[in-house]
Structures are given as C-alpha cells and as structure tokens.
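Working notes, beginning with the structure itself.
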Amino acid sequence: MNSLIDNIFITGVAMNYGMRALDVIESMTYAMNAIRSAVSGGAGTSVMVTLNTDASPTVAGSYTYVSDMLSSLNGNNVASEMNGWAHLTSEYVTKYNPSCIVILDSGTYSSGDYGRMLANLSPEWKNTDAYKNGNIYLLCEDIGELSQRASPRSVQFFEILARILNPDSFPGGIVVPKTIGNDYVSYLTYTKDLGFGD
C-alpha cells in the first residue's frame with residue numbers, strides 16, 4: 001500500500017493537484033489505520049487470493065498490494081513464497097490448504113452465480129479447508145473490478161478484506177456475504193463516505 005500512496009502523490013503533483021493528492025492520502029491513511037486498529041490482535045487466517053477459479057489459478061504472491069493488505073489484516077498469504085501474481089499448479093492448492101479463499105473476478109461471474117461457481121470447482125479446491133468450512137468469497141461486478149485496479153478506492157477493498165478475515169472485529173451487525181458485487185458499499189463503514197466512489 002505504501003507504493004500506491006507514493007504513486008498517488010507523484011501523479012497528483014505531476015498533474016498540479018498536489019494538495020488534493022495529500023487530502024486523498026490523508027483520508028486513505030486515516031481509514032486504513034482505523035481498520036488496522038479494529039482488527040489488531042485477531043487470529044491469523046491462511047488465505048489464498050486468486051483472479052480465477054481455474055484448477056491451476058493465478059494467485060497473489062509476495063510483492064503485490066494484495067499481499068501487503070493481507071499482512072496488515074491478520075491474513076497469512078499461502079502463496080507468499082511466490083513473487084507477484086503467479087500461476088499456481090493444482091496440486092499446490094491442496095498442499096497450501098487455505099482456510100479462506102477470496103476470488104477477485106472481473107467478468108466471469110455475477111452476484112447470482114455463487115452456487116454454480118462452487119459446483120464447478122476442481123477436486124483440489126474442494127479438498128481445502130476453505131471449501132469444507134464454507135469460507136470461499138466471490139468478489140465480482142463492481143468490487144471485483146475495483147479490487148484489481150490499484151487506486152484510492154483500494155482502501156474500500158481493504159475494508160472488505162478486513163471484514164472477511166476478521167468478522168468478529170467489527171461491531172454494527174454488518175455480515176459480509178459469500179458473494180459481493182455492485183452492492184459492496186453496503187458492507188462498508190470506515191470507507192463508505194470517503195468519496196472514493198464519486
């Protein structure tokens with residue numbers, strides 16, 4: 001996330017919007033610190049974040065902004081020994097055995113497709129604790145696209161991830177469903193009114 005913040009500042013200055021960039025960075029930093037504080041002390045969760053549901057998926061390894069987010073939110077990235085967005089062979093899905101899987105989809109599925117998606121998963125996916133315990137999350141439609149584009153709105157994705165990995169850390173009765181799409185703002189509080197969606 002630090003490189004994202006640096007790039008927002010550099011771009012803002014280059015476009016003669018340096019003060020606006022600083023305002024955005026301040027809002028992002030405030031929200032991220034509040035979310036980190038809410039989840040501090042939570043138990044670590046082994047997580048696989050993937051761009052697809054292929055038997056051999058593309059996953060977030062180290063040196064990705066997603067991996068940075070996970071480490072701030074009590075998430076243990078199962079693919080951290082890989083660098084960047086990496087192709088994971090099917091046997092490693094079973095070997096890593098994540099307890100939570102988050103799918104960042106940008107067009108294959110819609111909000112009503114969760115059951116079909118689960119049914120079509122490979123045996124390797126179905127052999128994970130995430131599948132057995134019902135901890136597979138599909139982020140599609142608007143939040144699926146947002147999650148794959150580093151921008152000031154990434155802080156909203158950060159909050160969604162925080163709520164998925166630490167459901168007991170947030171008061172207020174918001175329960176994150178297994179599928180989140182165009183309605184993702186309904187599950188935000190810290191970042192809902194920051195204007196990033198305008």
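By the side-chain hydrogen bond (donor to acceptor under 3.5 Å, both in side chains) test, Asn97 is found to be paired with Asp129, residues two or more places apart in sequence or in another chain being considered. Judged as a side chain to side chain contact (heavy atoms under 4.5 Å, CB included), and not counting sequence neighbours, Ser71 has no contacts.
Taking 4.5 Å as the limit, some side-chain heavy atom of Leu161 sits within range of a side-chain heavy atom of Leu70.
Ser62 and Ser67 are not linked by any side-chain donor-acceptor pair at a separation below 3.5 angstrom, with hydrogens and angles left out of the test. Judged by distance alone, the side chains of Tyr109 and Thr53 do bring a donor and an acceptor atom under 3.5 Å apart. Thr189 and Arg163 are linked by a side-chain donor-acceptor pair at a separation below 3.5 angstrom, with hydrogens and angles left out of the test.
Of the possible polar contacts, none joining the Glu124 side chain to the Ser90 backbone as a donor-acceptor pair under 3.5 Å is found. Panel note: side chain Asp105, backbone Gly144; no donor-acceptor pair is recorded below 3.5 Å. At distances below 3.5 Å, not a single donor-acceptor pair connects side-chain atoms of Asn83 with backbone N or O atoms of Tyr63. Listed for the Ser147 side chain is a donor-acceptor partner under 3.5 Å among the backbone atoms of Ile143. Side chain of Ser37 to backbone of Ala34: no donor-acceptor contact under 3.5 angstrom is found. Although no hydrogens or angles enter the test, the distance criterion places a donor-acceptor pair under 3.5 Å between the side chain of Lys126 and the main chain of Ala119. Under a 3.5 Å cut-off, the side chain of Ser46 and the backbone N or O of Ser99 do form a donor-acceptor pair. In this structure, the side chain of Asn74 does not engage the main chain of Leu165 through any donor-acceptor pair within 3.5 Å. Within the 3.5 Å criterion, the main-chain N or O of Ser111 finds a donor-acceptor partner in the side chain of Glu141. A donor-acceptor pair under 3.5 Å is absent between the side-chain atoms of Asp183 and the main chain of Ser186, judged by distance alone.
Applying the 6.0 Å contact sphere to OH of Tyr187 captures more than 12 heavy atoms from other residues, nucleotides or ligands. Other residues, nucleotides and ligands contribute over 12 non-hydrogen atoms within 6.0 Å of the CZ atom of Arg116.
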